[in-house]
Student: 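To start, I am sharing the structure in question, which I have written as structure tokens.
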Amino acid sequence: MNEEIVQLYKGFSKSELSIFFWKLIGYINKYDLNFRNYVFENSLNSIEKFKEEEFYLGTTDDDLEGLVSFYANKMLDATEEEICGNVIHMVWDIATFMTEELCPSCQDANLKIASSTDQTIIYKTCDNCLITIENKEYVERPKEMIPATKRQIKILLEK
């Protein structure tokens, strides 16, 4: 598991982000039983079905090259749990759409758009202060969220 994820990370190219994303999803599917030990079942079931064309990849202000490089060096000695958590976070960082809207709570970051795992609820959320907004109301942050799809983002932005 370790050497494979390191090689996948070392092959990262921002110009081929959709291929990298596809490879991450393939890695998660390949090690499904390992991921099931550390990732919520509904989240994992949703993520394993992700298709890159459903998302606006790479819209966050995250330094993906820096993140991938940093984690490529750490993954060789990582535990299974650390690898699973890291890969899920990479998928989140790549697939989550970032708005132009500053967080109304911390004013420190732009809000991202997330979804319930059954894709019936759309949230705006802040990675810094962890506020979560549903229909312009602050709500308790759900245990499970996944990146919102293009379709969901369009619905939210049209409101």
Side-chain angles (χ1 to χ4, degrees), residues 5 9 12 14 17-18 20-25 27-29 32 34-75 78-159:
I5 194 62
Y9 280 6
F12 173 80
K14 190 159 185 179
L17 192 54
S18 62
F20 181 72
F21 184 76
W22 175 77
K23 287 180 179 180
L24 286 175
I25 301 302
Y27 181 87
I28 292 168
N29 282 303
D32 173 79
N34 305 80
F35 277 84
R36 291 202 178 275
N37 291 321
Y38 310 107
V39 179
F40 288 118
E41 183 177 358
N42 290 334
S43 294
L44 186 59
N45 290 341
S46 297
I47 290 168
E48 287 180 332
K49 296 175 188 168
F50 280 1
K51 304 217 177 341
E52 86 295 320
E53 63 271 5
E54 297 173 332
F55 299 93
Y56 295 109
L57 301 182
T59 66
T60 66
D61 62 357
D62 296 331
D63 174 14
L64 295 176
E65 291 98 341
L67 283 173
V68 170
S69 176
F70 175 75
Y71 285 118
N73 295 325
K74 290 186 72 163
M75 290 296 103
T79 65
E80 183 178 281
E81 182 176 7
E82 291 169 331
I83 291 170
C84 292
N86 176 266
V87 172
I88 292 296
H89 283 107
M90 283 302 302
V91 167
W92 178 267
D93 288 340
I94 291 169
T96 304
F97 182 81
M98 180 177 283
T99 70
E100 297 291 324
E101 184 180 346
L102 272 179
C103 174
S105 180
C106 71
Q107 300 290 312
D108 195 36
N110 290 9
L111 294 175
K112 294 181 178 180
I113 302 179
S115 170
S116 58
T117 56
D118 64 4
Q119 298 188 333
T120 60
I121 304 170
I122 305 169
Y123 304 101
K124 289 184 180 177
T125 184
C126 178
D127 283 349
N128 287 346
C129 69
L130 304 179
I131 69 148
T132 305
I133 302 166
E134 176 190 343
N135 293 322
K136 300 181 183 178
E137 299 288 328
Y138 293 97
V139 296
E140 185 174 330
R141 190 176 186 90
K143 289 181 183 177
E144 294 188 75
M145 289 190 297
I146 57 173
T149 63
K150 288 178 180 178
R151 180 187 57 77
Q152 291 175 301
I153 292 165
K154 182 178 179 189
I155 290 168
L156 184 69
L157 295 179
E158 288 177 349
K159 287 185 177 180

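Bear in mind the structure is a predicted one, so any value in this text is a computation, not a measurement.
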Student: According to the ring-ring contact (aromatic ring centres under 6.0 Å, His included) rule, which pairs have a member within residues 133-159, sequence neighbours left out?
Tutor: none
Student: Is a donor on one side and an acceptor on the other found under 3.5 Å between the side chain of N135 and the backbone of E137?
Tutor: no
Student: Find the distance between CZ (F12) and CD1 (I94) and round it off to the nearest 0.5 Å.
Tutor: 6.0 Å
Student: How far does CD of E54 sit from CZ of R151, to the nearest 0.5 angstrom?
Tutor: 9.0 Å
Student: If you count the non-hydrogen atoms of other residues, nucleotides and ligands that lie under 6.0 Å from NZ in K150, is the total more than 12?
Tutor: yes
Student: Is the CD atom of E53 crowded by more than 12 outside heavy atoms at less than 6.0 Å?
Tutor: yes
Student: With distance as the sole test, does S43 use its side chain to make a donor-acceptor pair with the main-chain N or O of E144 at under 3.5 Å?
Tutor: no
Student: Nearest 0.5 Å, what's the OG1-CD distance between T149 and Q119?
Tutor: 5.5 Å
Student: Between F55 and F50, how do the two ring planes meet: parallel, tilted or perpendicular, split at 30° and 60°?
Tutor: tilted
Student: Could you check whether any side-chain heavy atom of K14 comes within less than 4.5 Å of a side-chain heavy atom of V68, counting everything from C-beta outward?
Tutor: no
Student: Quick one: list whatever passes side-chain hydrogen bond (donor to acceptor under 3.5 Å, both in side chains) with E48, sequence neighbours left out.
Tutor: R36
Student: What is the distance from atom CD1 of I153 to atom OG1 of T59, rounded to the nearest 0.5 Å?
Tutor: 7.0 Å
Student: Return the minimal non-hydrogen interatomic distance between F40 and K143, and the atom names on each side.
Tutor: CE1-O, 3.4 Å
Student: For D127, enumerate each residue passing the salt bridge (Lys or Arg N to Asp or Glu O under 4.0 Å) test, keeping only those at least two apart in sequence or located in another chain.
Tutor: K112
Student: Which atoms form the tightest heavy-atom contact between G58 and L64, and what is the distance?
Tutor: CA-CD1, 4.3 Å
Student: What I'd like to find out is whether the side chain of P104 reaches to under 4.5 Å of the side chain of L111, using heavy atoms alone.
Tutor: yes
Student: Looking at CG of D93 and CD1 of I88, how far apart are the two atoms once the value is rounded to the nearest 0.5 Å?
Tutor: 11.5 Å
Student: Between C129 and D108, is the side-chain contact (heavy atoms from CB on, under 4.5 Å) condition met? List the steps.
Tutor: CA-CA 9 Å; C129 69; D108 195 36; over 6 Å; no
Student: Side chains of Y9 and V87: does their closest heavy-atom pair fall under 4.5 Å?
Tutor: yes
Student: A quick test of your reading: do over 12 heavy atoms of other residues, nucleotides or ligands sit less than 6.0 Å from CD of E80?
Tutor: yes
Student: Looking at every non-hydrogen atom in both residues, tell me the closest pair between T117 and S46 and how far apart they are.
Tutor: O-OG, 3.1 Å
Student: Would you check, one step at a time, whether the test side-chain contact (heavy atoms from CB on, under 4.5 Å) holds for F35 with I47?
Tutor: CA-CA 11 Å; F35 277 84; I47 290 168; over 6 Å; no
Student: Is there a donor-acceptor pair closer than 3.5 Å between any side-chain N or O of T96 and the backbone N or O of I113?
Tutor: no
Student: Do C126 and C106 touch side chain to side chain, with heavy atoms closer than 4.5 Å?
Tutor: yes
Student: Between L102 and N110, is there a side-chain heavy-atom distance shorter than 4.5 Å?
Tutor: yes
Student: Determine whether I83 and M75 satisfy the following criterion, side-chain contact (heavy atoms from CB on, under 4.5 Å), listing intermediate values before the conclusion.
Tutor: CA-CA 6 Å; I83 291 170; M75 290 296 103; 3.8 Å; yes
Student: In sequence, state the C-alpha distance, the side-chain angles, and the governing distance for D32 and L44, and then conclude on side-chain contact (heavy atoms from CB on, under 4.5 Å).
Tutor: CA-CA 8 Å; D32 173 79; L44 186 59; 3.9 Å; yes
Student: With the side chain counted from C-beta on, respond yes when F97 and P147 share a heavy-atom pair under 4.5 Å apart, and no when they do not.
Tutor: no
Student: Once rounded to the nearest 0.5 Å, what's the spacing between atom CD1 of I133 and atom CZ of R141?
Tutor: 11.0 Å
